[in-house]
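Note sheet for the following structure.
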Amino acid sequence: MRYDLVIFDNDGVLVDSEPLSNTLLAAYLTELGHPTSYEESLRDYMGAAMHRVHDLVQERTGQRLPDDFDEVFHGRVFAAFERELEPVAGAVDILEKLTADGVPYCVASSGSHERIRVGHRKTGLDRWFEDGRIFSSQDVGRGKPAPDLCLHAAERMGVPPKRCVVVEDSPLGVQAANAAGMDVFGYTAMTPAAKLTGATQLLSDLGELADLLV
């Protein structure tokens, strides 16, 4: 085995949440007077922690988002999750294989702990992720593209960064893994390969992951 720990991003890698959440984010920002298309939301915010939304809006417009922005947005997202969220194709199979092979894994997500758990519960992935395998940008000072979250997950799992590989689908996530000194597999189901050029390798299907780990 080439690695001692597989660190999964969550949104778009384990749960198919990016279309839902970015559709809702674009609509809510537009509703608040900050016109945003779905494509722009993906470009600017996919893979990022919520503070990036606040920071970019204020930087571009000089205006602050409402104090209850995160609460309202997450309420809409969680309601959509309950109606529509599914696991990413192949996620269950790779988690079953890693478990059977005794390969340590965890999730390191820009999303909040609540968001991660709501998504996992709805999709049935909660059976694979007890609390000790879940790490959020809430746990560190800076979200992706800073390396803090990747390094925090590795430290908590007791594995040196150079022995970790991160599975990411966003440019910000690839940057974070690179900054942490970790290999990173770029998942191209939603993100064009050209935007994940910093990845160690690319994969278009999670089923390819097993072969890349050996």
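These numbers come from a predicted model, not from an experiment.
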Side chains of Arg115 and Val77: closer than 4.5 Å at any heavy-atom pair? yes
Measuring from atom OH of Tyr187 to atom CG of Leu209, what distance do you get when rounded to the nearest 0.5 angstrom? 10.5 Å
How about CD on Glu130, more than 12 heavy atoms from neighbouring residues, nucleotides or ligands closer than 6.0 Å, or not? yes
Check ion pair Glu84-Lys122 (N to O, under 4.0 angstrom): no
Any non-hydrogen side-chain atom of Tyr45 less than 4.5 Å from a side-chain atom of Leu25? yes
Regarding Arg76 and Glu31, does a basic nitrogen lie under 4.0 Å from an acidic carboxylate oxygen? yes
Sort and list the pairs that fulfil ring pair (Phe, Tyr, Trp, His ring centres under 6.0 Å) and have at least one residue in residues 156-179, not counting sequence neighbours. none
Got a salt bridge between Asp131 and Arg117, using NZ or NE/NH1/NH2 to carboxylate O under 4.0 Å? yes
Should Ser109 and Asp11 count as side-chain neighbours, where that means a heavy-atom distance under 4.5 Å? yes
Would you mind reporting whether Leu98 and Leu213 have side-chain heavy atoms less than 4.5 Å apart? yes
Please check if the number of heavy atoms outside Asp68 that lie under 6.0 Å from its CG is greater than 12. yes
Would you find a donor on one side and an acceptor on the other, under 3.5 Å apart, between the side chain of Asp101 and the backbone of Val103? no
Would you call Arg2 and Val214 a side-chain contact if the rule is heavy atoms closer than 4.5 Å? no
Face-on cation placement of Arg133 at Tyr105 ring, 6.0 Å and 45° thresholds: yes
Going by atom type alone, with no hydrogens or angles, which donor-acceptor pairs under 3.5 Å involve a side-chain atom of residues 145-160 and a protein atom two or more places apart or on another chain?
residue: Asp148; atom: OD1; partner: Arg142; partner atom: NE; Å: 3.4
residue: Asp148; atom: OD1; partner: Arg142; partner atom: NH2; Å: 2.9
residue: Asp148; atom: OD2; partner: Arg142; partner atom: NE; Å: 3.4

On the 0 to 90° scale, with breaks at 30° and 60°, tag the Phe69-His54 ring pair as parallel, tilted or perpendicular. perpendicular
Distance, nearest 0.5 Å, that separates CZ of Arg121 from CZ of Phe81: 11.5 Å
Has Asp139 got a side-chain atom pairing as donor or acceptor with Phe135's backbone, closer than 3.5 angstrom? no
Backbone of Gly47 reached by a side-chain donor or acceptor of Ser110 within 3.5 Å: yes
